[in-house]
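I have placed the structure first, in the form of structure tokens, so that the comments after it can refer back to it.
As a basis for the values below, the full set of heavy atoms in this structure was taken, side chains included, without hydrogen atoms, waters or symmetry mates.
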Number of protein chains: 4
Amino acid sequence: MPDPSPDSAARRTRILDAAVRVFATRGHTATRIADIAQEAGVAYGLVYHYFGSKDALLDTVFDENWATFAEVVEGVAASDRSARDKVRVVLDYALASAETYPERVQVILLEYGRRARLGQALTHAHVARVVATLRALFQGAAARGELAPGAVPEVLPVVLLGALQSVIVAMLVDREPLEAAAVRSTILSLLSVSDASPEE
Amino acid sequence: MPDPSPDSAARRTRILDAAVRVFATRGHTATRIADIAQEAGVAYGLVYHYFGSKDALLDTVFDENWATFAEVVEGVAASDRSARDKVRVVLDYALASAETYPERVQVILLEYGRRARLGQALTHAHVARVVATLRALFQGAAARGELAPGAVPEVLPVVLLGALQSVIVAMLVDREPLEAAAVRSTILSLLSVSDASPEE
Amino acid sequence: MPDPSPDSAARRTRILDAAVRVFATRGHTATRIADIAQEAGVAYGLVYHYFGSKDALLDTVFDENWATFAEVVEGVAASDRSARDKVRVVLDYALASAETYPERVQVILLEYGRRARLGQALTHAHVARVVATLRALFQGAAARGELAPGAVPEVLPVVLLGALQSVIVAMLVDREPLEAAAVRSTILSLLSVSDASPEE
Amino acid sequence: MPDPSPDSAARRTRILDAAVRVFATRGHTATRIADIAQEAGVAYGLVYHYFGSKDALLDTVFDENWATFAEVVEGVAASDRSARDKVRVVLDYALASAETYPERVQVILLEYGRRARLGQALTHAHVARVVATLRALFQGAAARGELAPGAVPEVLPVVLLGALQSVIVAMLVDREPLEAAAVRSTILSLLSVSDASPEE
DNA sequence: TATGAATGAGCTTTCATTCAT
DNA sequence: AATGAATGAAAGCTCATTCAT
């Protein structure tokens, strides 16, 4: 069998991108394979040729994008920065992604919610990586007294992800006029104020 | 037409309660009217008789429970407490409800997420009341310097609701072992530390 | 819940009868539920309301009709006749049924073939009853020397059913001009000639 | 165009053999071209290259194998034996084939059944040859008084084929424990008993 | 010849909603 | 008010067939 042609890979990507757009616009349930195929400009059956099922397609979108996020988070966590700066960088990355690829971010956040409903969000491999990395990060910060008093490092990852989701969805979907800078500084306030770097 | 008999009201309530259980267990999409009717022990058609449609039924669940929450929040906001204490009471109420009526809370939070997807969460009347009340509360606190440095009062309600949703869903559905006390103190750390009241 | 109204039973029967006609005409694979619904003059979904699935519908046709045949065979076997007469009566019943209800017979025979392909023909409850009853009948005949020399009683039921199927399908579907009397006497020749009753 | 290379012929045969195995295992409807291609170890499209369509492929299997059987039957009929011996040889050939090439036999018998359903079995060229040859054979036997009393020569071919199909399918698919010798002597008992040759 | 990606018609099944009783 | 049979639109998935390379 010949190696996957560039054409083939391009087709796959086109379908994946189309899927992101349609899932973001309509949500999982209301999305029809026919919509994705049309949006991608390919035949109906080709979606199944590449992805096997609607759920598998959504899983792929979810996996690939959370994997990217997990890598970013892990990279930042491994870098040589203060805990506060690490969190700031992660937040900036998330907020910037939301501005640059709103549909992509929307899908993975909303699908995160859908999985939460099924008890399959925090157990998802890449999500779990993010949570674990953040937890370690916050535990280190706690040990150095860098957390706000009362903030519990084991709870913070879930709070952070929830706050991020809520805020981004509010901005993207509900068109709530929240400023990225305000969002960043608000969430950052969960970390200790002692290291009050100039926010802007 | 005669006034609603007690029987009639009881039937309606039975259906509503059954709907909460089924929606919580299966989610909106996977819930079938037949499931609700069976769970309530009533005839299929009666669900339509009382609620008109599946969506209307879910709307009713959503409305009634957010209305209750909105009233609590408004009541607390109007009470004579410090901002920190008000938020603490609201948090306690939310966490206690999640323990006492997990299915009810699960439905309104997850359905909140579904509506967010459609841009109809923060614009929902009762949700908007909660947000507005919290915003005013945080704005007052900000004016009195009671917020953590960097925390923006307009952003805080969305952050708070998102964190709450995330945390409660994690506890209820993902069975993440988070302690209510830890959750409370973590979220409370968003408020200024100056007023470090004894947490318990 | 009210007992099944006569209407309801009639509807069910109408669908069943329509199914027999369509299955006989087109075979299992080529039969679409839409055809059956149309033939029965009912809505599409009603077929599912009563039978759950296409296969379950076909199973019902198969079961009910083989059950009837099994009862006839068992009744005849229990009657006070010579083995030869018993077989004659069974043959007559089968051939007469094929003339009176050709579609019904066609369906159960052809579906018999389809199940044979899956190794589920002779193990089907009612088919197995027929085979077992015939086997006992032939074993008794063998003990009394009533079988043709060489005929093995354990093999005869399968031979008999195969011959019957072949002959009836040839008559019904392939329109091979075989006479019932000739068919009967030919198959009967498997039994001993000693009891040469006047065949016509 | 160059004459078919040995390679080409070998490929064709490989596909045909694979088709026999898959058709035998799954039946006509459940067989997918993809299965056959995989079983044959060739590319998907090559099946179409050689056979044009799924049905044409099955037709080829059916044709080639019934042609072989027809030739055997005709050869036997033309040979210098008693009618009883001719039938015995045909039976032996069929039963031996079923043991040696169970999949091949299974396909042509079950496909025979499928065609019967469509009224296209007895009219198939090679099947018709077999039936005609057997009919002539039985008519000759009848004229010489070699048939069991009551056996009608025009009916016997169909009875014989049906019995054979039933018995072989029972052995191959339903795993009914029938002995070849018992089957042979039972079916042979349709011929006159006068010439009771030693069965073995 | 050979490959396998691409196409799209067709089918089963589900289930919200309606309605006669 | 109450019942549940009846309706039919909708959508996921399969797979024979085509075709560009």
(request) Could you say whether B:Lys54 or C:Tyr44 is positioned toward the 5' end of DNA chain E, judged by the nucleotide with the nearest heavy atom to each? (result) C:Tyr44
(request) Nearest whole angstrom, please: distance from the C1' of F:dA16 to the NE2 of A:His49. (result) 15 Å
(message) Go nucleotide by nucleotide along DNA chain F from the 5' end; which of A:Thr31 and B:Leu46 gets its closest nucleotide reached first?
(response) B:Leu46
(message) Measuring only between side-chain heavy atoms, which start at C-beta, is C:Glu111 closer than 4.5 Å to C:Phe23?
(response) no
(request) Select from B:Gly52 and C:Tyr48 the residue whose nearest nucleotide in DNA chain E is closer to the 5' end of that strand. (result) C:Tyr48
(request) Identify, between C:Ala43 and A:Ser53, the residue whose nearest nucleotide on DNA chain F lies closer to the 5' end. (result) C:Ala43
(request) Mind calculating the distance between CG (B:Asp35) and P (E:dT14) to the nearest angstrom? (result) 13 Å
(request) Over all heavy atoms of both residues, which pair between D:Val61 and D:Ile108 is shortest? Give the atoms and the distance, please. (result) O-CG2, 4.4 Å
(message) Can you confirm whether A:Asp55 sits close enough to A:His28 that some side-chain heavy atom of one is under 4.5 Å from a side-chain heavy atom of the other?
(response) yes
(request) Taking only the side-chain heavy atoms of B:Tyr50 (C-beta and beyond), determine which of E:dA2, F:dA6, F:dA2 contains the nearest atom. (result) F:dA2
(request) Mind calculating the distance between CZ (A:Arg14) and P (E:dA5) to the nearest angstrom? (result) 17 Å
(request) In whole angstrom, give the distance that lies between atom CZ of C:Phe51 and atom C1' of F:dA5. (result) 14 Å
(request) Quickly work out the A:Arg12 CZ to E:dA6 C1' distance and round it to whole Å. (result) 17 Å
(request) Could you state the atom-to-atom distance from CD1 of B:Ile33 to C1' of E:dA16 in whole Å? (result) 7 Å
(message) Which helical stems does DNA chain E take part in, if a stem means at least 3 consecutive Watson-Crick or G-U pairs with both distances below 3.5 Å?
(response) E:2-21 with F:2-21
(request) Decide, yes or no, whether a salt bridge links A:Asp17 with A:Arg14 under the criterion of side-chain N to carboxylate O below 4.0 Å. (result) no
(request) Figure out the CG/P separation between A:Asp55 and F:dA11, and round it to whole Å. (result) 16 Å
(request) Verify the contact: side-chain N or O of D:Arg11 to OP1 or OP2 of E:dA2, cut-off strictly under 4.0 Å; return yes or no. (result) yes
(message) Check whether B:Phe62 forms a cation-pi arrangement with B:Arg115 (NZ or CZ under 6.0 Å from the six-membered ring centre, at most 45° off the ring normal).
(response) yes
(message) Just by distance, no angles: are the side chains of A:Asp63 and A:His124 close enough, under 3.5 Å, to form a donor-acceptor pair?
(response) yes
(request) Decide yes or no for A:Leu46 and A:Arg11: does some side-chain heavy atom of the first lie under 4.5 Å from some side-chain heavy atom of the second? (result) yes
(request) Measure from CZ on D:Arg32 to P on E:dG10 and round the result to the nearest Å. (result) 21 Å
